[in-house]
Amino acid sequence: MKWKEKWRSNMRTVTLRLRQNPYLSLTIIISLVGRSDVDTTSQWLAPIVWEGTFDLKMIDSIYKPQNITVATTIFALGKYTRFLKDLLESAEKHFLVGYRVHYYLFTDLPDQVPLVKLSEGRKLSVIKTESSNRWQEISLRRMERIEKLIEEKLLHKVDYMFSLDVDSKFYAHWGAESLADLVGVVHAWFFGSSTQQFPYERRPESQAYIPYDEGDYYYGGAVFGGRPEKVLKLVQTCRKNLDIDRANQIEALWQEESHLNKYFLYNKPTKLLSPEYLWDDIKKRRSFMKVVRFTQVVKNYAEIRPNH
Ligand code: UDP
Ligand code: MN
């Protein structure tokens, strides 16, 4: 065959393959163009993970042989147990597939934990937990409960961990590209806002206080993670500061999320996950969002929370 004919035939095959698999075309386009539309590193040179910035095959070839275990804490108190089924089923489809995952599920209603079939190497432990009549309290007390869990069960036993909000769902791949010493996720609603617009705690009386001329990102409280010893320092610091605030009868604007933001300002995450890893079902998809991996689902606040 002459080279011209061979070239034509090869191009026909490539065109056909791309037509059959639009996702492949998207991947190829992104890898050719790169991600010039978004920042892919922070100013302290931590990667910001976006679709098109990593080679999954290479990442898996690093982490798979290490046979790592990733602990995942989920709180489902009161009416929030209704989110468990969708969250766990979607996690089994998309979250660290092929890796050992141990879910630690905190609930006051163990009977309402749904039976979800877990893949090989994956486990779920239920931890009976007292509820509270204030949602703010339920949300912020996660810090001390995670602290205790790390000290008692995770330290030196698991390799990485994540804390996830239960009112959430996975829609696409979330894999080992998300792993690092200390991981935060850039909040979907404040991505691209100026630091002055971030809803940091601005009252100096709170331990979560951040002045208007400081700050670099606003992180979502629904996802954080890292190595257990690093996350232990984070939750310990936040818990202590929450205790001081409580003694001073002040509650930060966004409870533990405000304290998390304060911690990350002075103890920078070593990896940032883009809003692909924490989108919101009610938020219009933006052009920089090539994929939505994990979102907060729509909920009726007045109906589901113990107080409103
Ligand atoms: N939560 C819970 N029961 C409640 C309130 C909160 O289990 O009654 C837990 C649950 O894990 C939830 C997290 O606290 O995902 C954070 O609360 P929420 O999702 O209501 O806060 P938002 O994401 O709306 O700011
Ligand atoms: Mn939530």
Side-chain angles (χ1 to χ4, degrees), residues 71-91 95 103-114 116 124-149 161-171 174 184-191 198-201 208 218-225 231 234-235 238-239 242 251-262 264 273 275-283 292-308:
T72 303
T73 60
I74 299 165
F75 289 73
L77 286 96
K79 293 183 180 171
Y80 280 58
T81 52
R82 71 177 62 167
F83 298 114
L84 281 169
K85 190 166 186 287
D86 265 10
L87 173 63
L88 292 170
E89 280 178 358
S90 64
F95 182 58
Y103 303 100
Y104 287 91
L105 180 54
F106 296 77
T107 184
D108 55 332
L109 302 166
D111 296 349
Q112 291 188 19
V113 175
V116 172
L124 189 149
S125 302
V126 174
I127 301 174
K128 181 107 200 284
T129 307
E130 238 178 74
S131 195
S132 158
N133 51 14
R134 286 185 72 237
W135 64 265
Q136 296 90 337
E137 188 74 13
I138 294 176
S139 191
L140 67 82
R141 288 200 63 198
R142 289 186 289 178
M143 288 297 184
E144 63 185 72
R145 287 171 168 151
I146 296 172
E147 180 185 357
K148 202 163 152 247
L149 179 77
M161 61 177 293
F162 279 106
S163 161
L164 302 178
D165 257 25
V166 73
D167 55 328
S168 321
K169 196 174 167 177
F170 290 90
Y171 285 105
W174 172 323
V185 55
V186 181
H187 198 297
W189 293 93
F190 300 100
F191 170 75
F198 291 164
Y200 290 148
E201 175 54 61
Y218 189 78
Y219 302 93
V223 174
F224 57 87
V231 179
L234 180 163
V235 290
C238 291
R239 192 263 303 157
L242 284 157
E251 188 168 88
L253 181 62
W254 289 107
Q255 296 83 36
E256 79 293 347
E257 183 176 87
S258 306
H259 289 272
L260 177 77
N261 272 280
K262 174 77 177 261
F264 278 157
L273 303 180
E276 293 167 5
Y277 293 80
L278 183 56
W279 199 244
D280 209 312
D281 274 352
I282 61 164
K283 198 167 164 59
V292 174
R293 306 177 193 280
F294 185 72
T295 76
Q296 291 277 282
V297 301
V298 180
K299 61 181 186 288
N300 177 350
Y301 286 93
E303 191 270 322
I304 199 163
R305 284 176 165 172
N307 59 311
H308 190 65

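Order of listing sets the numbers, starting from 1, for every ligand and every atom in it.
Contact residues of ligand 1 (protein heavy atom closer than 4.0 angstrom to a ligand atom; sorted by chain and number): F75, A76, L77, Y80, I138, S139, R142, D165, V166, D167, Q296, K299, Y301, R305, P306.
With respect to the salt-bridge test (charged N to carboxylate O, under 4.0 angstrom), the residues E89 and K85 qualify. Look at R142 and E256 and you find a salt bridge, because one of the NZ, NE, NH1 or NH2 atoms lies within 4.0 Å of a carboxylate O, short of that distance. Note on E303 versus K79: salt bridge recorded, some NZ/NE/NH1/NH2 to OD/OE distance being below 4.0 Å. Classification of R134 and E251 as a salt-bridged pair holds, one side-chain N sitting under 4.0 Å from a carboxylate O.
Applying the ring-ring contact (aromatic ring centres under 6.0 Å, His included) criterion to F190, with sequence neighbours excluded, gives H187, Y218. Evaluation of the side-chain contact (heavy atoms from CB on, under 4.5 Å) rule for T129 yields L77, F106, I127, R145 as partners, not counting sequence neighbours.
Only protein N, O or S atoms were considered, and those under 2.8 Å from the Mn ion (ligand 2) are D165 OD2, D167 OD1, D167 OD2, Q296 OE1.
W174 does not carry R293 over the face of its six-membered ring by the limits of under 6.0 Å from the centre and within 45° of the normal.
Although no hydrogens or angles enter the test, the distance criterion places a donor-acceptor pair under 3.5 Å between the side chain of T107 and the main chain of A76.
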request  = Output, in order, the C-alpha distance, side-chain angles, deciding distance and verdict of side chain to side chain donor-acceptor pair (under 3.5 Å) for Q255 and S139.
outcome  = CA-CA 8 Å; Q255 296 83 36; S139 191; 5.5 Å; no

